[in-house]
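Each chain gets a letter, A, B and so on, in the order its sequence line appears, and its residues count up from 1. Note: hydrogens, waters and symmetry copies are ignored here, and every other heavy atom, side chains too, is used.
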2 protein chains.
Amino acid sequence: MPDRPRRIPEATVARLPLYYRALVEMAEQRTPTVSSERLAEMAGVNAAKVRKDFSYLGSYGTRGVGYDVEYLLFQISRELGLTQDWPVVIVGIGNLGAALANYRGFSARGFRIVALVDADPAKCGKEVGGLVVEPLADLPRIVAERDVAIGIIATPAAAAQEVAGLLVSAGVTSVLNFAPTVIAVPPGVSLRKVDLSIELQILSFYQQRRDEAAEGRRVAFGGLT
Amino acid sequence: MPDRPRRIPEATVARLPLYYRALVEMAEQRTPTVSSERLAEMAGVNAAKVRKDFSYLGSYGTRGVGYDVEYLLFQISRELGLTQDWPVVIVGIGNLGAALANYRGFSARGFRIVALVDADPAKCGKEVGGLVVEPLADLPRIVAERDVAIGIIATPAAAAQEVAGLLVSAGVTSVLNFAPTVIAVPPGVSLRKVDLSIELQILSFYQQRRDEAAEGRRVAFGGLT
DNA sequence: CCGACCTTGTGACCAAATTCTCAAACTCCC
DNA sequence: GGGAGTTTGAGAATTTGGTCACAAGGTCGG
Ligand SMILES: NC(=O)c1ccc[n+]([C@@H]2O[C@H](COP(=O)([O-])OP(=O)(O)OC[C@H]3O[C@@H](n4cnc5c(N)ncnc54)[C@H](O)[C@@H]3O)[C@@H](O)[C@H]2O)c1
Ligand SMILES: NC(=O)c1ccc[n+]([C@@H]2O[C@H](COP(=O)([O-])OP(=O)(O)OC[C@H]3O[C@@H](n4cnc5c(N)ncnc54)[C@H](O)[C@@H]3O)[C@@H](O)[C@H]2O)c1
């Protein structure tokens with residue numbers, strides 16, 4: 001009865017887009033099949049992981065040959081929901097929101113920005129990336145009429161939780177948050193976050209470790225260079 | 001002899017910035033101490049994880065009381081290398097690069113953007129976010145003179161690997177890549193990536209799962225709504 | 001100084017993710 | 001058709017991360 005008994009591990013889901021990207025590239029250059037080894041190299045992971053990941057989706061490979069690029073691409077697209085396109089709304093059209101609105105790379109992957117929303121009356125009516133910025137008050141109507149499922153929050157941190165609430169009330173069930181703050185959403189709503197400062201801080205941690213290690217060696221060897 | 005026997009798990013390192021953020025907030029409102037429970041709530045994790053994470057750093061809490069906000073903040077800052085400030089160069093001053101250059105939130109955390117670099121001669125000489133865009137050819141000099149350790153790649157994907165190579169040759173040992181492509185760096189160089197399309201694709205995966213489940217229920221119950 | 005109460009720090013346990021390994025299944029060439 | 005060479009798929013082992021549970025160590029009022 002369970003047509004889809006396969007629960008796909010989170011870590012695998014997070015890698016599917018990498019494989020997707022690699023496969024699009026292979027398809028563009030008309031490569032008919034690809035081995036887990038080659039795919040691993042392109043996606044920056046190791047071959048055993050590629051095979052294990054695909055095994056959660058089903059047995060789509062052929063032993064001694066590899067994977068059919070077109071077929072695998074289709075299976076992964078389907079799994080990721082990229083065979084349909086997703087209307088997206090961006091809330092907060094400042095520096096970052098405008099950059100996102102101007103980015104042409106999303107539509108290539110099936111994400112269509114259908115609305116830009118800002119609380120600042122001075123911004124509303126302005127055109128950004130081919131769309132007119134609309135007032136926050138219209139969010140419920142916009143989400144309902146344009147069937148928006150995904151919302152991107154690019155407001156200051158102080159407004160993020162409130163905006164998330166408005167998005168969810170309006171009917172959005174997937175949220176991507178760029179504001180550097182923790183926000184809560186009800187169960188049944190997906191939330192992901194991107195925090196650039198955190199990425200830099202993680203780099204800083206390892207950078208400092210290396211610097212200290214280098215300093216340690218310099219002192220230990222009494223080197224004056 | 002091992003002054004720092006503590007190897008801090010990667011997952012813990014990735015959470016330290018969350019605690020850091022929460023602690024800064026507590027410090028601002030002059031809260032003297034905080035419990036792991038409260039901190040967990042603010043960082044969006046659970047209390048046991050907070051305590052375990054801190055236990056890798058050392059025993060900085062007081063039983064029955066909690067953690068001294070100022071002291072813990074200092075320890076985490078030190079661990080993350082935020083007691084010094086890090087000069088950062090951004091390569092590729094397009095939509096995204098310009099948004100990053102204009103962002104005031106980095107300096108608050110000890111990251112100082114000291115140079116903007118672009119390959120396009122038309123962009124060089126222009127001012128963005130208070131800095132003048134400089135030519136790619138000057139990268140080695142810029143990195144050396146301004147002691148840059150961290151580089152941000154915001155160029156198109158096709159240029160990312162080449163730029164990474166230039167950054168590393170110039171002496172950068174931490175790289176943050178925004179281009180949607182896998183790049184390789186030599187051992188001893190840290191690399192992190194942020195790919196917004198991937199985040200959307202992950203949301204799309206779970207969104208689709210929910211939609212299918214809803215559809216399944218609708219059909220199963222023969223509901224006409 | 002005692003006892004009620006609170007909160008940390010950590011060992012034990014459990015879950016998830018990764019890696020190793022190799023039989024099975026395929027191609028290709030002679 | 002058979003044998004050499006590839007490459008998958010998946011069980012087993014290992015590593016890493018997360019959660020639980022509670023003793024140990026502290027506060028505080030009386
Ligand atoms: N710009 C960057 O490169 C960058 C980098 C890292 C993080 N961020 C984060 O992204 C978010 C946006 O950054 P930014 O630089 O674009 O800021 P910004 O100040 O340029 O833009 C914020 C926009 O949000 C709008 N806004 C404010 N409150 C709102 C509300 N309640 N509803 C709707 N819109 C509202 C403002 O009118 C403004 O247009 C911030 O949280 C910031 O910390 C930005
Ligand atoms: N804009 C966004 O919101 C967004 C979102 C997701 C991902 N990205 C990714 O971020 C990157 C930048 O996006 P963007 O929208 O800013 O693109 P963009 O085209 O606006 O800017 C790219 C900049 O890089 C410069 N450049 C090109 N080759 C270079 C080289 N070899 N060395 C130095 N500079 C070079 C160009 O002159 C240009 O100024 C892209 O890889 C894009 O896929 C952007």
*Side chain of B/Ser204, backbone of B/Leu200: donor and acceptor closer than 3.5 Å?*
no
*Start at the 5' end of DNA chain C and walk down; is the nucleotide closest to A/Glu10 or to A/Val65 reached first?*
A/Glu10
*asked:* I'd like to know if the side chain of A/Arg146 reaches the main chain of A/Val114, judged simply by a donor and an acceptor atom lying under 3.5 Å from each other, with no hydrogens or angles considered.
replied: yes
*Pairs touching residues 55-67 of chain B that satisfy side chain to side chain donor-acceptor pair (under 3.5 Å), sequence neighbours left out*: B/Tyr60-B/Gln75
_What I'd like to find out is whether the side chain of B/Leu139 reaches to under 4.5 Å of the side chain of B/Val89, using heavy atoms alone._
yes
*Determine, for B/Arg38 against B/Glu41, whether the closest basic-nitrogen to carboxylate-oxygen distance falls under 4.0 angstrom.*
yes
*Look only at the side chain of B/Arg210 and the backbone of A/Gly188, and say whether a donor-acceptor pair between them is shorter than 3.5 Å.*
yes
*asked:* Using only atom types and a distance under 3.5 Å, with no angle test, would you say the side chain of B/Gln208 pairs donor to acceptor with the backbone of A/Arg78?
replied: yes
Side-chain donor/acceptor pairs under 3.5 Å, residues 16-28 of chain A, sequence neighbours excluded:
from    : atom 1 : to       : atom 2 : distance (Å)
A/Tyr19 : OH     : A/Asp53  : OD2    : 2.6
A/Arg21 : NE     : B/Pro180 : O      : 3.3
A/Arg21 : NH1    : B/Pro180 : O      : 3.3
A/Arg21 : NH1    : B/Asp195 : OD2    : 2.5

*Interface limits on DNA chain D, where chain B has a heavy atom under 4.0 Å of a nucleotide atom*: D/dG17 to D/dT27
_Residues forming a ring pair (Phe, Tyr, Trp, His ring centres under 6.0 Å) with B/Phe205, sequence neighbours excluded_ = none
*For DNA chain D, what residues of residues 13-37 of chain B have any heavy atom nearer than 4.0 Å?*
B/Arg15
*Check DNA chain D against residues 42-63 of chain A and give the residues with a non-hydrogen atom under 4.0 Å, in numerical order.*
A/Arg51, A/Lys52, A/Ser55, A/Ser59, A/Tyr60, A/Gly61, A/Thr62, A/Arg63
_Residues A/Glu70 and A/Arg30 bridged, charged N to O under 4.0 Å_ = no
